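Accompanying notes for the structure given below.
Computation of the quantities below employed the complete heavy-atom set of this structure, encompassing side-chain atoms and omitting hydrogens, waters and symmetry-equivalent molecules. The structure presented is a predicted model; accordingly, all values stated were derived computationally and were not measured.
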Amino acid sequence: MHLIKDEIGNPVQHGHDHSHEEGCQNHSHEHCGSCQGGDCRNETTALLTYMLQHNEHHAQELDQMAENLEKMGLSAAARTIKEAVGDFQKGNMRLSLALSLVKEELK
């Protein structure tokens, strides 16, 4: 269970059970109690915001890992991770666009 914040900073519980050890294919999504009458607008915006920030953080971690591998003389692995970070950043740009579209539509 994550505690995330909506657009205006209010904490929102989300029934998203996720473990990095299990991998994304094994995580489950539950309908949380913060949605009233099926209207999950705030939760959706907050979750998408959280996921974008989460992914950006992972991209930074991977970039650091690539730098460390480069220092260890593992250039091929470092280069491959840098390429993956570029792919991550492209995905994050798309998530950012989707978030902007959601926010615009929910005005």
Side-chain angles (χ1 to χ4, degrees):
M1 179 81 62
H2 290 286
L3 186 62
I4 57 178
K5 295 184 179 179
D6 65 15
E7 275 187 308
I8 55 176
N10 297 319
V12 177
Q13 281 190 345
H14 179 70
H16 175 90
D17 185 21
H18 176 80
S19 169
H20 288 278
E21 291 75 31
E22 293 176 354
C24 290
Q25 68 276 14
N26 293 327
H27 75 271
S28 64
H29 289 186
E30 301 169 8
H31 188 75
C32 69
S34 66
C35 295
Q36 301 298 322
D39 183 6
C40 295
R41 294 173 187 207
N42 287 339
E43 180 185 350
T44 299
T45 302
L47 181 59
L48 189 51
T49 299
Y50 165 79
M51 292 177 82
L52 175 59
Q53 292 169 348
H54 186 78
N55 284 355
E56 288 170 343
H57 178 73
H58 281 305
Q60 291 169 354
E61 291 175 322
L62 287 167
D63 196 49
Q64 182 62 52
M65 183 183 294
E67 288 179 27
N68 292 341
L69 289 171
E70 188 69 46
K71 290 175 186 174
M72 294 169 54
L74 301 170
S75 299
R79 184 175 50 254
T80 301
I81 290 174
K82 289 278 189 180
E83 291 170 358
V85 168
D87 293 339
F88 241 81
Q89 290 170 336
K90 287 177 189 174
N92 288 342
M93 286 187 334
R94 290 177 194 239
L95 285 176
S96 181
L97 176 59
L99 179 58
S100 294
L101 293 169
V102 166
K103 287 179 177 181
E104 185 63 32
E105 288 293 321
L106 295 179
K107 277 186 181 178

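- Here the OG atom belonging to S100 is positioned 9.0 Å from the CG atom belonging to L52, to the nearest 0.5 angstrom.
- In this structure, CG on L95 lies 12.0 Å from NE2 on H54, to the nearest 0.5 angstrom.
- In terms of heavy-atom proximity, A77 sits nearest to L69 at CB-CD1, 4.1 Å.
- Here L97 contributes atom CG and N92 contributes atom CG; the two are 12.5 Å apart, rounded to the nearest 0.5 Å.
- D63 pairs by the side chain to side chain donor-acceptor pair (under 3.5 Å) definition with K82, not counting sequence neighbours.
- The salt bridge (charged side-chain N to carboxylate O under 4.0 Å, His left out) test applied to E104 returns K107, not counting sequence neighbours.
- Residues A66 and A78 approach most closely at O-CB, 3.3 Å, considering heavy atoms.
- When all heavy atoms of F88 and L62 are compared, the closest pair comes out as CE1-CD1, 4.0 Å.
- A distance-only check finds a donor-acceptor pair linking the side chain of T49 to the backbone of T45 [under 3.5 Å].
- Under the side chain to side chain donor-acceptor pair (under 3.5 Å) criterion, E61 pairs with H57, H58, sequence neighbours left out.
- Two different hydrophobic clusters hold M93 and V102 under the rule that ILVMFWY side chains link at heavy-atom gaps under 4.5 Å.
- With rounding to the nearest 0.5 angstrom, the CD atom of Q89 is 9.5 Å from the CD atom of Q60.
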